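This report concerns only the one structure given below.
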Amino acid sequence: MEQPAPGVALAPVVPVEAGLHARVLDNLGTAICGGELRPGMVLNIDELVDRYAVSRSVVREVLRVLASIGFIETRRRVGVMIRSSEAWNVFDPQVIRWRLASSGRIAQLRSITELRTAVEPHAAWLAAQRVGHDEASDLVGLAAKMWAAGKAGDEERFLELDIDFHRRLLVASGNEMFVRLQDLVAEVLTGRHQHHLMPHHPHEQALQLHAEVAQAIQRRDGDRARRAMVQLTEQAFGEMSSIWERTAEPGGR
């Protein structure tokens, strides 16, 4: 058998089953979130095998994941039944991603933005009390890079930096429950970008407020950090409110 030349990097081998599993899981998850598969409907394993042309083991693993996040349950004499959204683990990043990809994306954006408005200002206040000097300096540096990317109109770079800024802020709070929200924030920021639910160019005020949050944390001025973050989250909420009023998608209120 021919061997690869020395120094040639080989791509990792991804099992075919893993790719099939992800495809079926995303399809069913999005269909449930979008209402194509409604609460009370029964899923038939054999029908899913035929529809997606996959093995029963792939379908069973997909159903196991869906059950773990509250999307389905198995009932005696009934089978695998779709559950209502009240049972879903709405903090699961997969659920957020599926909801953002469905017709209910506006409602998802609203609920997460309301959560961020409640949590991130206090996270900024805590960060000012607890963050180390190096971490605070890194946050200030990130805000400067965001400013440059925003002014240059580099949307991809700005998104990457924005996610990192809010991730570091939550970590700097020192609250382990706030830290667990970082994946949730990353999903909603990415979703806003992918589904064109944010301005093409960040407003200058938003860029300035990121800098003010970081500088206040560096100065250990918790009250100023909190006020600036309140302004930042309120501005984000206002931007999205104007967008979902224009789109008037199902799920908006």
Side-chain angles (χ1 to χ4, degrees), residues 9 11-12 22 26 93-101 105-106 108-110 112-117 119-121 123-124 127-128 131-173 178-219 224-244 246-247:
D26 282 342
Q94 287 186 118
V95 176
I96 293 165
R97 185 164 62 254
W98 294 332
R99 292 181 72 186
L100 289 172
R105 67 174 59 95
I106 299 302
Q108 174 68 104
L109 278 172
R110 182 188 293 272
I112 295 184
T113 303
E114 289 171 349
L115 176 66
R116 292 182 61 199
T117 301
V119 169
E120 291 197 69
V131 74
H133 174 76
D134 290 345
E135 291 81 4
S137 297
D138 288 345
L139 207 56
V140 171
L142 263 178
K145 292 176 182 176
M146 288 178 67
W147 182 283
K151 288 295 186 181
D154 188 341
E155 294 182 36
E156 295 292 340
R157 178 62 173 157
F158 181 83
L159 173 63
E160 176 188 333
L161 294 167
D162 197 19
I163 290 172
D164 199 20
F165 183 92
H166 291 279
R167 179 186 65 79
R168 288 176 185 249
L169 174 73
L170 292 169
V171 171
S173 74
F178 285 3
V179 172
R180 293 299 297 272
L181 297 177
Q182 61 180 296
D183 290 340
L184 178 152
V185 173
E187 286 292 346
V188 76
L189 291 175
T190 301
R192 284 183 63 193
H193 177 76
Q194 290 178 340
H195 298 291
H196 311 292
L197 296 170
M198 63 188 301
H200 291 299
H201 297 282
H203 294 305
E204 186 164 324
Q205 184 185 15
L207 297 173
Q208 181 61 42
L209 286 170
H210 278 90
E212 288 185 24
V213 170
Q215 291 163 6
I217 289 172
Q218 188 180 48
R219 294 194 300 268
R224 179 58 194 141
R226 177 162 50 194
R227 286 196 300 271
M229 184 55 74
V230 167
Q231 289 179 268
L232 186 57
T233 54
E234 287 180 346
Q235 183 188 53
F237 194 90
E239 288 173 355
M240 282 185 285
S241 293
S242 65
I243 292 170
W244 61 56
R246 290 198 309 270
T247 57

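Nothing fancy with the numbering, it's 1 onward along the sequence. None of the values given here were measured: they were computed from a predicted structure.
Considering CD of Q94 and CZ of R97, their distance stands at 5.5 Å, rounded to 0.5 Å. To the nearest 0.5 Å, atom CH2 of residue W98 and atom CZ of residue R105 are 16.0 Å apart. Of the inter-residue distances, the one linking R110 atom CZ with I106 atom CD1 reads 8.5 Å to the nearest 0.5 angstrom. Rounded to the nearest 0.5 Å, atoms CZ (R168) and CD1 (I163) are 13.0 Å apart. Expressed to the nearest 0.5 Å, how far CG of D183 lies from CZ of R167 amounts to 10.0 Å. To the nearest 0.5 Å, the span separating CG on L115 from OG1 on T233 amounts to 11.0 Å.
In this structure, Q235 places its CD atom where more than 12 heavy-atom neighbours from other residues, nucleotides or ligands lie under 6.0 Å away. Atom CZ of R219 has more than 12 heavy atoms from other residues, nucleotides or ligands within 6.0 Å.
Between L232 and the options H210, E120, R227, a side chain to side chain contact (heavy atoms under 4.5 Å, CB included) holds for only H210.
Using modelled atom types, one finds no donor on one side chain facing an acceptor on the other under 3.5 Å when comparing H166 with Q182.
Nearest heavy-atom pair, E135 versus V131, reported as atom, atom and distance to 0.1 Å: CB-CG2, 3.4 Å. Nearest approach of S137 to Q218, heavy atoms of both residues: OG-NE2, 3.5 Å. When all heavy atoms of I217 and L139 are compared, the closest pair comes out as CD1-CD2, 3.7 Å. Heavy-atom minimum distance, M146 versus F165: SD-CB, 3.8 Å. Contact record, L169 with A124: CD1-CA, 3.7 Å, taken as the closest heavy-atom pair. For V171 against V179, the heavy-atom pair with the smallest separation is CA-CG2, 3.7 Å.
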Pair E160, D162 - check side chain to side chain contact (heavy atoms under 4.5 Å, CB included), show working. CA-CA 6 Å; E160 176 188 333; D162 197 19; over 6 Å; no
Please report the C-alpha distance between E155 and L159 in whole Å, then the side-chain angles of each, then the deciding distance to 0.1 Å, and finally whether the side chain to side chain contact (heavy atoms under 4.5 Å, CB included) criterion is met. CA-CA 6 Å; E155 294 182 36; L159 173 63; over 6 Å; no
Between L189 and R116, does the side chain to side chain contact (heavy atoms under 4.5 Å, CB included) criterion hold? Intermediate values first, please. CA-CA 11 Å; L189 291 175; R116 292 182 61 199; 3.7 Å; yes
Apply side chain to side chain contact (heavy atoms under 4.5 Å, CB included) to residues I96 and L100 and explain how you reach the verdict. CA-CA 6 Å; I96 293 165; L100 289 172; 3.9 Å; yes
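No side-chain donor-acceptor contact under 3.5 Å links T190 to the backbone of E187.
Residues H203 and Q208 fail the side-chain proximity criterion, which asks for heavy atoms closer than 4.5 Å.
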